Novice: 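Before anything else, here's the structure in question.
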Protein chains: 2
Amino acid sequence: MSKPITTPQLTPDHTELVILSLLREGPSYGYAISKLVAARSEEAFKVGPSQLYPLLTKLEKQGLVETDWEEIKAKSAGPDDNGRKRKWYKLSAKGQRRLQQRIEAHQRFTSIINSFIAGSEATGAVA
Amino acid sequence: MSKPITTPQLTPDHTELVILSLLREGPSYGYAISKLVAARSEEAFKVGPSQLYPLLTKLEKQGLVETDWEEIKAKSAGPDDNGRKRKWYKLSAKGQRRLQQRIEAHQRFTSIINSFIAGSEATGAVA
DNA sequence: TTGATATATATCGGTTGCAGATATATACGA
DNA sequence: TCGTATATATCTGCAACCGATATATATCAA
């Protein structure tokens with residue numbers, strides 16, 4: 001028995017759509033995003049570290065998100081560099097436009113897939 | 001300038017859904033399927049030979065399709081083996097069940113993606 | 001008749017993208 | 001103190017796919 005069919009995997013484009021959608025609700029950071037994607041999808045979508053961090057870096061390079069380091073101080077903290085850090089990602093104006101494009105692209109995608117599912121009834125072809 | 005955003009790519013699961021959907025309308029063969037996918041999707045989806053033939057072979061091995069060779073005879077044809085051939089694919093009962101599963105999985109997929117797009121409004125979270 | 005294009009199936013080779021593992025470091029509860 | 005959770009990041013290998021290539025025939029126009 002192989003694993004049962006639940007949902008198709010995320011393409012890179014769909015992953016970007018999901019992450020930009022989350023960031024539209026407010027800034028977040030890698031670990032939280034990863035957990036949120038799993039929780040909101042009822043574990044259907046999973047974005048692991050090896051997928052997430054390179055993608056976030058790419059979004060940053062493209063100017064779709066702006067980043068900000070938060071120092072999570074331990075009890076005592078000198079001016080050292082070793083404390084735990086949290087990298088916040090905030091949707092930029094460019095990112096919002098990209099999100100809108102991804103949403104529209106997804107709607108076209110869904111529409112075409114549905115036309116295949118509907119089949120000949122929808123195309124006028126003879127059955 | 002990179003290519004404009006049109007639709008996300010097809011995952012293997014979505015490609016299978018599209019091809020099984022086409023075969024539900026009646027038997028077809030590789031080249032015709034490739035052309036049909038492009039035509040019906042207004043060129044948004046493209047399934048080239050290197051993607052299509054391995055996939056069709058896989059579907060055949062899984063018993064989702066049944067195959068049948070058609071000899072396309074030239075004007076003269078002895079009992080030779082060199083004539084052009086056409087390999088027909090017909091959806092099996094098992095393939096029909098698989099298609100139904102893929103359709104349901106796609107609907108779950110769409111539903112989850114839409115919930116991300118809808119965002120906080122749909123989740124009860126504070127904006 | 002010759003050449004270009006379409007039909008038809010199939011494989012190969014390089015690139016991309018990701019899953020799983022590993023690495024590092026801290027916080028917290030049992 | 002030991003395991004789990006938080007938090008970011010890279011590495012290694014594998015699988016999938018795009019583009020090209022291969023082979024062979026049919027068709028149509030010049």
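Note: hydrogens, waters and symmetry copies are ignored here, and every other heavy atom, side chains too, is used. It should be emphasised that the depicted structure is a prediction, and the values quoted were computed from it without experimental measurement. Reminder, nothing fancy here: chain letters follow the sequence lines and each chain counts from 1.
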Novice: Clusters formed by hydrophobic residues whose side-chain heavy atoms approach within less than 4.5 Å: which one holds Tyr31(A), and what are its other members?
Specialist: Tyr29(A), Trp88(A)
Novice: Expressed as a whole number of angstroms, how long is the span from Gln9(B):CD to dA15(D):C1'?
Specialist: 16 Å
Novice: Determine whether a donor-acceptor pair (N or O, by modelled atom type, separation under 3.5 Å) exists between the side chain of Thr110(B) and the backbone of His106(B).
Specialist: yes
Novice: Between Leu10(B) (CG) and dC17(D) (P), how many Å, whole number?
Specialist: 10 Å
Novice: Could you list the donor-acceptor pairs under 3.5 angstrom formed between side-chain atoms of residues 43-63 of chain A and any protein atom two or more places apart in sequence or on another chain?
Specialist:
{"unit_1": "Thr57(A)", "atom_1": "OG1", "unit_2": "Tyr53(A)", "atom_2": "O", "d": "2.9"}
{"unit_1": "Glu60(A)", "atom_1": "OE1", "unit_2": "Lys87(A)", "atom_2": "NZ", "d": "3.2"}
{"unit_1": "Glu60(A)", "atom_1": "OE2", "unit_2": "Thr67(A)", "atom_2": "OG1", "d": "2.8"}

Novice: Base, sugar-phosphate alone, or nothing: which one does Gly30(A) contact when heavy atoms must sit under 4.0 Å apart?
Specialist: sugar-phosphate
Novice: Where along residues 53-68 of chain B does a heavy atom fall under 4.0 Å from DNA chain C?
Specialist: Tyr53(B)
Novice: Among dG19(D), dG17(C), dT8(D), which nucleotide sits nearest the side chain of Pro12(A)?
Specialist: dG17(C)
Novice: Please enumerate all residues that pass side chain to side chain donor-acceptor pair (under 3.5 Å) together with Ser28(A), with sequence neighbours excluded.
Specialist: none
Novice: Identify, with sequence neighbours excluded, every residue that meets side chain to side chain donor-acceptor pair (under 3.5 Å) alongside Ser92(B).
Specialist: none
Novice: Between Lys85(B) (NZ) and dA24(D) (P), how many Å, whole number?
Specialist: 12 Å
Novice: For Trp88(A), answer base if it contacts any base atom (sugar-phosphate contacts may also be present), sugar-phosphate if it contacts only those atoms, and nothing otherwise; contact means non-hydrogen atoms under 4.0 Å.
Specialist: nothing
Novice: Side chain of Tyr29(B): nearest nucleotide among dG19(D), dT8(D), dT9(C)?
Specialist: dT9(C)
Novice: For residues 14-23 of chain B, which residues have at least one heavy atom under 4.0 Å from DNA chain D?
Specialist: none
Novice: Has Tyr31(B) got a side-chain N or O lying under 4.0 Å from the OP1 or OP2 atom of dT9(C)?
Specialist: no
Novice: Quick one: Asp13(A) CG to dC18(C) P, roughly how many Å, whole number?
Specialist: 10 Å
Novice: Quick check for you: among dA9(D), dC18(D), dT6(D), whose closest atom lies nearest to any side-chain atom of Lys35(A)?
Specialist: dT6(D)
Novice: Would you please confirm or rule out a distance under 4.0 Å between OP1 or OP2 of dG17(C) and any side-chain N or O of Gln51(A)?
Specialist: no
Novice: Is it true that a side-chain atom of Arg108(B) and a backbone atom of Thr6(A) form a donor plus acceptor pair closer than 3.5 Å?
Specialist: yes
Novice: Whole angstroms only, please: what is the CG-C1' distance between Leu52(B) and dT9(C)?
Specialist: 10 Å
Novice: Treating Arg24(B) as the side-chain partner and Ile117(A) as the backbone partner, does any N or O pair qualify as donor plus acceptor under 3.5 Å?
Specialist: yes
Novice: Trp69(B) has an atom CH2; how far is it from atom C1' of dT9(C), in whole Å?
Specialist: 6 Å
Novice: The side chain of Lys87(A) lies closest to which of these nucleotides: dT7(C), dG20(C), dA9(D)?
Specialist: dA9(D)
Novice: Considering residues, nucleotides and ligands other than Glu70(A), do more than 12 of their heavy atoms fall under 6.0 Å from its CD?
Specialist: yes
Novice: Check Pro8(B) against Ala105(A) and note the closest heavy-atom contact, atom names and distance.
Specialist: CD-O, 3.6 Å
